[in-house]
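Scope of the values below: all heavy atoms of this structure, side chains included, with no hydrogens, waters or symmetry mates.
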Amino acid sequence: LKAQNPESIFPGLKKDVVPENNKEAGDEYKLLFKQFLSELTKLAHKDLNTELWFEHFDNLVMRFTSAIPAARVKNVIPDVSLYDHLATTSAIAAAIYLFHETNGTLDEASVKNRSEEKFLVISGDFNGIQNYIFSGFGDTRKYRSKLLRGRSFSVSLLSELAADMLCKKIGLPHSSVILNAGGRFSILAPNTEKSVNAVNKVKEIVNKWLIERTYGETCISLSMVSAACRDFETNAFPAGRDSTNNGFSALWERVIHAMDETKFSKIDLEKYGGAVKNYLDGFCNDLTPSICPLCGKRAAKRDCKQDDFNICAMCRDHIFLGENLVKENKVVIAKSGMQIKGRKLLDPVFGEYQLFFPKEEPDDFKDAGQIVKYWSIGSNLFSENLDDADKIVTAKYINGYVPVYSEADLYEENEHKKKDEDQEKKEPGTPKTFNDIALMARVSDGASETKKGVEALAVLKADVDNLGLLMACGLRENLYTISRLATLSRQMNNYFAVYLPYFLESNFKFNDIYTVFAGGDDLFLLGPWNRITELAAELEKSFKTYVCKNSDIHFSAGITLHKPHTPVDVFANACESALETSKNGGRNSITLFNQTVKWTEFYELKKVSDELDNWLQEGWISSVFLYKINDFINMAEEERVILEENQTEIHLDDMACTKWRSLLKYSVERNVALKAARAVRDEKVKYVGSKIAEWLDIYRAKLRIPLWIIQYNRR
């Protein structure tokens, strides 16, 4: 029973977290409430912008009540948080009120009518996220990390602001957005002509803006489903209640179906189909180059200069975001007409939202009424990190973690005169370049100060298996309610958006891993190749703990290795392919070095790696012999393929691979423990030979995973 933070969101054993008696339980509630009241007095914008204050208040309530059960009466299952109960109830109330207020039916009989379709469930989905973040980085590498950071943040930003625009045009508070994670959102609105018109208008504004800049590669699809009050009920009806409707599970199935349908008609082809109108007219041919060298798609602008060349407004804004997101802790989104000092977006989002990083304190704005969002996005998100004088604003978990240079990093670089192909200006607090992140993969060579190992990046992409099935069927039909769905969605997002960045920042071993995005049910990370492989195992274990070791909830991952100068779209596509291989291999798996294994096998192979490394340290085997094992792996894998094909005949030329056992025995005898005494050596030779043969029999090509990890660390 604590305020939300990266550690308190994890479940605990009953004996550790449940108070021994009612007095202790009461004291816990009192302490929590006292902390809540203390922070309530610190909320910003109280007398300046009520709507903005309410968003801060909502966020505060979420942090302090998300671990409190909504009900503990009699046999009620306490699996819905008080926050999700409050939030969904207020969203329902707002929609019902606006429906009746619009129709002039604010009377008791009309309000109690449970069969009238009073609701409109509006869903939004950002389509083309991968293209938006990774495609078209041109020839320059100098701004890759900033562009990647800015574009990743923009995905969440655009989804947030599309939902905000809908709420404002309908007349709803922000709390009517009942789900919002991973580029998707759902809004509970009144089923009125105004709501339908608002959806159509926002769809036109948002997608016209996106199509003009991304030429159809990305858009935000919007769908609508009408519903009655009884559609939000479960199938566990009390006696005498109408039990003919299918309840909330059927409603949500309709919502998902409507979202899927919109994916096939995302763009109005009558309006936007064919060649892009006036595309060439936007170019200034006297600029060199006239096309933006960073995206290779949009026209470079005369008033948009980066260093000594011109770029497009969108790439400039992404660089602007990428530079400042790691330096600043607060971000403000205001109406585009607000007078702003300092740097801001050149191209306001959807033409209506301006973004900047404030220098003033939250309550120091004279025109605070023009502010739409005021977010805390840095590492200083939790109440225990706040100073007494700090004003509290909405904590938004959409920034992730980015490794930055410290004074020590720059000192070490000057000492070793490292060359960086990214050529970015380096100073304390700026993001580390991909080249320097790759350099962190080197490991110390024992007692000497020299480092060895392959300087390479690894990209890790992972997502929860069968999430759609989990959200649709993870709750029993008689427990399937909007508040439980909201709780489940928020808890899933918390692991990736709240816990993961904290874990990377607080764990020294993983300080050099870059969060491209993490939220909803997936993550995309980039870092030193050997740290990424270690992190994958750590995350699988912690996620298992997070879901109470539920064997039906797990994730799959794909890891690929690259040189630091590899184009971003290349490693993104490679990693996506590796993740798909894990999914196609039965899920609950990881793919590394083109080998797909279950997580249980991955941990077994880690033990193999430890034993091989120990043999090297003890001098039982040499690095040369270690490389020879690759040949035996290839032969053992060829043998497996022949045996599994169940051929009626096997050609003699294909039989050579079956000799790997005898060749292995010969090689072990010639290479293992050469400096040991004869009696001891015989035991070691026998042990090493039998272990390698056993591993080859069990794992075949999968043995490349532990073998190559050792080789890459020692190269």
Side-chain angles (χ1 to χ4, degrees), residues 401 403 432 434 436-444 451-463 496 500 503-504 507-516 518 522-544 554-564 566 571-572 574-583 585 587-614 616-617 626 629-630 633 695 699 701-715:
Y401 169 74
K432 289 186 177 180
F434 292 167
D436 280 347
I437 290 175
L439 286 171
M440 300 309 295
R442 298 172 304 169
V443 294
S444 297
K451 291 186 177 182
K452 60 184 180 181
V454 173
E455 298 171 5
L457 293 173
V459 182
L460 165 64
K461 194 171 194 301
D463 65 29
F496 296 98
L500 177 60
F503 179 74
L504 297 178
N507 194 311
F508 179 77
K509 185 190 293 187
F510 304 122
N511 278 174
D512 290 302
I513 292 176
Y514 188 111
T515 307
V516 179
D522 63 352
L523 58 89
F524 193 109
L525 306 176
L526 181 153
W529 73 268
N530 42 13
R531 294 289 176 260
I532 285 284
T533 55
E534 290 181 54
L535 177 66
E538 293 288 337
L539 293 181
E540 195 276 336
K541 291 174 184 174
S542 68
F543 185 73
K544 191 180 294 182
H554 40 72
F555 67 78
S556 294
I559 297 176
T560 53
L561 272 64
H562 308 271
K563 289 296 182 183
T566 304
F571 66 55
C575 195
E576 179 69 27
S577 177
L579 176 59
E580 284 301 312
T581 302
S582 293
K583 296 287 188 182
R587 296 182 169 85
N588 198 17
S589 304
I590 180 172
T591 297
L592 174 62
F593 302 133
N594 292 321
Q595 302 301 315
T596 300
V597 297
K598 295 293 184 183
W599 286 106
T600 50
E601 284 184 295
F602 190 67
Y603 298 130
E604 291 169 6
L605 291 169
K606 175 64 170 66
K607 294 177 182 177
V608 172
S609 178
D610 291 341
E611 185 150 10
L612 284 171
D613 197 47
N614 186 56
L616 281 166
Q617 298 286 349
L626 197 69
I629 298 176
N630 282 295
I633 290 175
W695 294 336
Y699 301 114
K702 296 173 183 177
L703 196 58
R704 290 180 185 136
I705 292 176
L707 185 66
W708 288 11
I709 286 175
I710 294 173
Q711 289 176 343
Y712 284 11
N713 271 323
R714 288 177 160 265
R715 185 174 296 177

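- Side-chain atoms of N530 come within 3.5 Å of backbone N or O of A441 as a donor-acceptor pair.
- A 4.5 Å side-chain heavy-atom check between P564 and I437 finds every atom pair outside the cut-off.
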| message | Test side chain to side chain donor-acceptor pair (under 3.5 Å) on T591 and T596; report intermediate values, then the result. | response | CA-CA 4 Å; T591 297; T596 300; 2.7 Å; yes

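- The backbone N or O of V454 lies less than 3.5 Å from a partner atom in the side chain of W529, making a donor-acceptor pair.
- Open room surrounds CG on N594; 12 or fewer heavy atoms of other groups in view lie less than 6.0 Å from it.
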| said: Could you walk me through whether T515 and L525 satisfy the side-chain contact (heavy atoms from CB on, under 4.5 Å) test, starting with their C-alpha distance in whole Å, then the side-chain angles of each, then the deciding distance to 0.1 Å, before giving a yes or no? | reply: CA-CA 5 Å; T515 307; L525 306 176; 4.0 Å; yes

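- Of the possible donor and acceptor atoms, none in the side chain of Y401 sits under 3.5 Å from a partner among the backbone N and O of F503.
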| task | Dump the intermediate steps for salt bridge (Lys or Arg N to Asp or Glu O under 4.0 Å) on E534 and R531, then the final yes or no. | result | CA-CA 5 Å; E534 290 181 54; R531 294 289 176 260; 3.0 Å; yes

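- Annotation: side chain of R714 is in contact with side chain of D613 (closest heavy-atom distance under 4.5 Å).
- Of all heavy-atom pairs spanning K563 and E455, the tightest one is NZ-O, 3.9 Å.
- Atom OG1 of T533 sits about 14.5 Å away from atom CH2 of W708, to the nearest 0.5 Å.
- The shortest non-hydrogen separation linking I710 to S609 is CD1-O, 3.4 Å.
- Side-chain N or O atoms of N713 include one that pairs as donor or acceptor with a backbone N or O of I709 at under 3.5 Å.
- In this structure, CG in L460 is found 5.5 Å from CD1 in I532, a value given to the nearest 0.5 Å.
- The main-chain N or O of Y712 is never found under 3.5 Å from a side-chain atom of K452 such that the two would form a donor-acceptor pair.
- Note: F543 and F496 have tilted aromatic rings, judged against thresholds of 30 and 60 degrees for the angle between ring planes.
- Using the six-membered ring where Trp is involved, F524 and F571 have ring planes that are tilted, between 30° and 60° apart.
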| Test side-chain contact (heavy atoms from CB on, under 4.5 Å) applied to F434 and H562, step by step | CA-CA 11 Å; F434 292 167; H562 308 271; over 6 Å; no

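- Taking both residues in full, the closest heavy atoms of L561 and A458 are given as CD1-CB, 4.2 Å, listed atom of the first, atom of the second, then distance.
- Aromatic ring pairs are classed by plane angle as parallel below 30°, tilted from 30° to 60° and perpendicular above 60°; the pair W599 and F602 is perpendicular.
- For the atom pair CD (E538) and NZ (K509), the distance works out to 6.0 Å, reported to the nearest 0.5 Å.
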| said: Determine whether T560 and T566 satisfy the following criterion, side-chain contact (heavy atoms from CB on, under 4.5 Å), listing intermediate values before the conclusion. | reply: CA-CA 12 Å; T560 53; T566 304; over 6 Å; no

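- Counting only distance, with no hydrogens or angles, the side chain of S589 and the backbone of R587 share a donor-acceptor pair below 3.5 Å.
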| request: Apply side chain to side chain donor-acceptor pair (under 3.5 Å) to the pair Y699 and Q595, showing each step before the final yes or no. | output: CA-CA 10 Å; Y699 301 114; Q595 302 301 315; over 6 Å; no

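- Residues P528 and I513 form a side-chain contact, since some pair of their non-hydrogen atoms from C-beta on lies under 4.5 Å apart.
- Not one N or O on the side chain of D463 forms a donor-acceptor pair closer than 3.5 Å with the backbone of F555.
- Considering every non-hydrogen atom in both S582 and A557, the closest pair reads OG-O, 2.6 Å.
- Minimum heavy-atom separation, V608 to P706: CG1-CG, 4.0 Å.
- With rounding to the nearest 0.5 angstrom, the OH atom of Y603 is 5.5 Å from the NZ atom of K541.
- Using a 4.0 Å cut-off between a side-chain N of Lys or Arg and a carboxylate O of Asp or Glu, K544 and E540 qualify as a salt bridge.
- At distances below 3.5 Å, not a single donor-acceptor pair connects side-chain atoms of D522 with backbone N or O atoms of A518.
- Atom CD of Q711 and atom CG of L616 lie 9.5 Å apart (nearest 0.5 Å).
- Across all non-hydrogen atoms, the minimal contact from R704 to F593 is O-CD1, 4.1 Å.
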| task | Dump the intermediate steps for side-chain contact (heavy atoms from CB on, under 4.5 Å) on D610 and N614, then the final yes or no. | result | CA-CA 6 Å; D610 291 341; N614 186 56; over 6 Å; no

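- Taking CG of L592 as the reference point, atom CD1 of I705 lies at 5.0 Å (rounded to 0.5 Å).
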